[in-house]
Each structure stands twice: as structure tokens, then as C-alpha cells.
**Q** 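Following this message is one structure expressed as C-alpha cells.
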Amino acid sequence: MNYFFSLIPKLEHNWLFQLKLIVPSNRIAELAKGLGFHEVTVSGSASNPDLVAVIQQLCTTGQVHDK
């Protein structure tokens with residue numbers, strides 16, 4: 001997480017902190033929050049099915065076009 005963050009120019013940090021972040025564990029979530037991220041969701045693992053499940057959950061609005 002720290003390495004990823006160090007790659008982003010400081011001018012972009014405010015933009016970055018506005019993004020929804022999906023992480024595989026509570027430990028990484030705490031690191032992300034410590035860096036300044038506000039919307040952090042824990043997927044439970046880095047597996048594709050778990051990540052896709054979280055993305056689907058975050059993107060579902062209940063509208064017809066979700067289906």
C-alpha cells in the first residue's frame with residue numbers, strides 16, 4: 001500500500017482519496033485509512049470471485065439496468 005501510494009504524484013492525492021478502494025484484508029484497509037483513503041471496502045481475499053462480488057455489490061443500485 002505504501003509503495004502504491006508513493007507512485008502517485010502529490011498533486012493527485014486529493015483525487016486519489018476520493019476513489020472507492022477495495023482491499024483484500026483488514027490490515028491493508030487500516031493502512032489505506034491511515035494514508036487518507038475514506039471509502040475502503042474489504043473483499044476478504046484477493047481472489048477474482050471475491051473482488052468481483054464486492055464490485056457488483058458496490059455497483060448495484062437496484063435499477064433495472066443493473067440486471
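Along the sequence shown, residues are numbered consecutively beginning with 1.
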**Q** For a quick test of reading the model, state the closest non-hydrogen atom pair linking Glu12 to Ile8 and the distance between them.
**A** CB-CG2, 3.7 Å
**Q** In terms of relative ring orientation, are Phe5 and Phe37 parallel, tilted or perpendicular, with 30° and 60° separating the classes?
**A** perpendicular
**Q** Any sub-3.5 Å donor-acceptor pair from His38's side-chain atoms to Phe17's backbone N or O?
**A** no
**Q** Of all the heavy-atom pairs spanning Gly44 and Asp50, show the shortest one and how long it is.
**A** C-OD2, 4.4 Å
**Q** Same hydrophobic cluster for Leu58 and Ile28, using side-chain heavy-atom links shorter than 4.5 Å among ILVMFWY?
**A** no
**Q** Rounded to the nearest 0.5 Å, what's the gap from CG on Leu35 to NZ on Lys33? Could you check?
**A** 12.5 Å
**Q** Testing Pro24, Ser43, Cys59 one by one against Val54 for a side-chain contact (heavy atoms from CB on, under 4.5 Å), which residue passes?
**A** Ser43
**Q** Nearest heavy-atom pair of Ala29 and Val42: which atoms, and what distance?
**A** CB-CG2, 3.7 Å
**Q** May I ask whether Leu31 and Leu16 are part of the same hydrophobic cluster, defined by side-chain heavy atoms of I, L, V, M, F, W, Y residues being less than 4.5 angstrom apart, directly or through others?
**A** yes
**Q** Count I, L, V, M, F, W, Y as connected when their side-chain heavy atoms are under 4.5 Å apart, and connections chain through other members. Are Met1 and Val40 then in the same cluster?
**A** yes
**Q** Assigning hydrophobic clusters by single linkage (Ile, Leu, Val, Met, Phe, Trp, Tyr; side-chain heavy-atom cutoff under 4.5 Å), is Leu11 placed with Leu19?
**A** no
**Q** When rounded to the nearest 0.5 angstrom, what is the spacing between CD1 in Ile22 and NZ in Lys20?
**A** 9.0 Å
